[in-house]
2 protein chains.
Amino acid sequence: MDTRENRCRILDAAARVYALLGFRGATTRRIAEAAGVNEVTLFRTFGSKEALIAEALRARATSQSAPLALPADPQDPERELTAWAAAHLAELRASRALIRQAMSDMGERPEVAPCVASGWSAADAELRRYLVRLVECGFVDAPRPVTGPTLARYDDVFAGGAMLMAALFSDAMGRDMMPEMFPQPADRAPVLYVSLFLRAVRCRPSREEAPAARTGDGGPRPRARRRAS
Amino acid sequence: MDTRENRCRILDAAARVYALLGFRGATTRRIAEAAGVNEVTLFRTFGSKEALIAEALRARATSQSAPLALPADPQDPERELTAWAAAHLAELRASRALIRQAMSDMGERPEVAPCVASGWSAADAELRRYLVRLVECGFVDAPRPVTGPTLARYDDVFAGGAMLMAALFSDAMGRDMMPEMFPQPADRAPVLYVSLFLRAVRCRPSREEAPAARTGDGGPRPRARRRAS
DNA sequence: CGGGAGTGCAAGTAAGCACTTGCATGGAAA
DNA sequence: TTTCCATGCAAGTGCTTACTTGCACTCCCG
């Protein structure tokens, strides 16, 4: 029996029991049972229940797999984003109980939240990078501001992205609580949210209309071509 | 000291302590202290801690104030929805801790969720009614389906409404957990979410432009006239 | 082979927790 | 005035909980 493997098993069990029953409900007896070890081993290995759960959640954040990557070169935003959104939603659903516990623990244990939300944060960053690419490939109009910070250019499309993330989060967290508020079938939700998002940011549907943006910084010239064709 | 008033005070205290510390953390000692009564009074009045908290949450659902009403006759959807969204968001924020506890308790105590989400549900219904009015007043296009249920006409605008609700929910629940995911200032959030929503559903901005829709599909408006004469 | 590390088992400790019981007090109603 | 009801106080009960301690066993390494 490898000690490191045992240690990992305890950490995993702690995170699981915490997700199910919260901090107080995650008794050391329950954790030990879930890990298949003797209760005293928890204390020998981690010192205290508090330390064990804290480390379990940190370990989880560290081992969290990176979010599905979005293409470096956008070709079909709707298809790409739908697949991505579906993957992100699945991840949120898989982590739902844990996220919920962390949220309820915000008052007493605020340090838990970052551990639990790291995947969420990474997905948000990935989406933002993709949205920048959408703008720069001409799928989405985002005129450069005459004054102000350069990134203000993306404020609008970022806000739309935030709304898409919000919809996915809300669907994952709220659907079983309030089923009537999510009438669309669960497996159709990403399609719908992405569709609405693309409309909100006025995204062009395909690359055929996007190449015109390469000729320059965008503006009147690409539009003129679109009228011609 | 009025007995009924005492009873209400205990119920209120129970809901508050539950919101702060969850079911297990809401010890009868803490509830009694928060209510300013003796611990034994809780048992004399409610029989058990479980019954007390259940009743406290039911009482809260019953006493929940109705959501801000949206106008029966839409005039300026952006303004109207923004005010409404701001009110709803404020309500969600005020109830945040309680909602979070209820969510984390979904596994062990699923009956808690409906008590906590009743305000949310009412707001959702109110928004849907308003969206129907937007469609029927010509602010939003929603062609009647040739076949299928009549309500399928509103699926798209309802989906957008769901996304708006999701954004508000997510903002209320997630902003303090993940501040970098909500870069827009908190007080600007409703404006932004509503703006995006209106774009997603292609809502006309004002009543002046609504009559132009008549020349479009020539659907509901001409019929309305015939009925009038 | 001996020693050390890791672990299980069992018993135990001190505190916490939901809840009970007995007595006393105050206020309201008959 | 008496009685009843609601409530407080204090002590208590039995169980749970995080954690400790002592002993024993197994495995691995030098």
For a quick check of understanding: with a heavy-atom distance under 4.0 Å over all strands, which category does A:V37 fall into, base, sugar-phosphate or nothing?
sugar-phosphate
Nucleotide of [options] approaching [X] most closely (side-chain heavy atoms):
X	options	value
B:N6	D:dC19, C:dA18, D:dT7	D:dT7
A:F43	C:dG8, D:dC19, D:dG8	D:dC19
A:T3	D:dT17, C:dA18, C:dT7	C:dT7

Could you walk me through whether B:L42 and B:I10 pass the side-chain contact (heavy atoms from CB on, under 4.5 Å) test, one step at a time?
CA-CA 8 Å; B:L42 306 187; B:I10 296 173; 3.5 Å; yes
Phosphate OP1/OP2 of C:dT7 contacted by A:N38 side-chain N/O (<4.0 Å):
no
Donor-acceptor contact present, side-chain B:S63 to main-chain B:A59, <3.5 Å:
yes
Relative to the 5' end of DNA chain D, which residue comes earlier, A:V40 or A:T28, by the nucleotide with the nearest heavy atom?
A:T28
Let me know, please, whether A:R44 or B:E39 comes out on the 5' side of the other along DNA chain D by nearest nucleotide.
B:E39
Would you kindly give the [atom1]-to-[atom2] distance between [X] and [N], to the nearest whole Å?
X	N	atom1	atom2	answer
B:L42	D:dG8	CG	C1'	12 Å
B:L52	C:dC19	CG	C1'	13 Å
B:I53	C:dA18	CD1	C1'	12 Å
B:R4	D:dT7	CZ	P	12 Å
A:K49	D:dT17	NZ	C1'	8 Å
B:R24	C:dA18	CZ	P	11 Å
B:F23	C:dC17	CZ	C1'	12 Å
B:E33	D:dC9	CD	P	12 Å

So, A:R30 and A:E33, do they make that salt bridge, N to O below 4.0 Å?
no
For side-chain contact (heavy atoms from CB on, under 4.5 Å), just list the numbers for B:R60 and B:C115, CA-CA rounded to whole Å, side-chain angles, deciding distance to a tenth of an Å, and then say yes or no.
CA-CA 7 Å; B:R60 188 187 174 279; B:C115 301; over 6 Å; no
What I want to check is whether an N or O donor and acceptor connect the side chain of B:R30 with the base of C:dG16 at under 3.5 Å.
no
Can you list every pair that meets salt bridge (charged side-chain N to carboxylate O under 4.0 Å, His left out) and has a residue in residues 168-193 of chain A, with sequence neighbours left out?
A:R93-A:D171, A:R96-A:D176, A:R100-A:D176, A:D171-A:R175
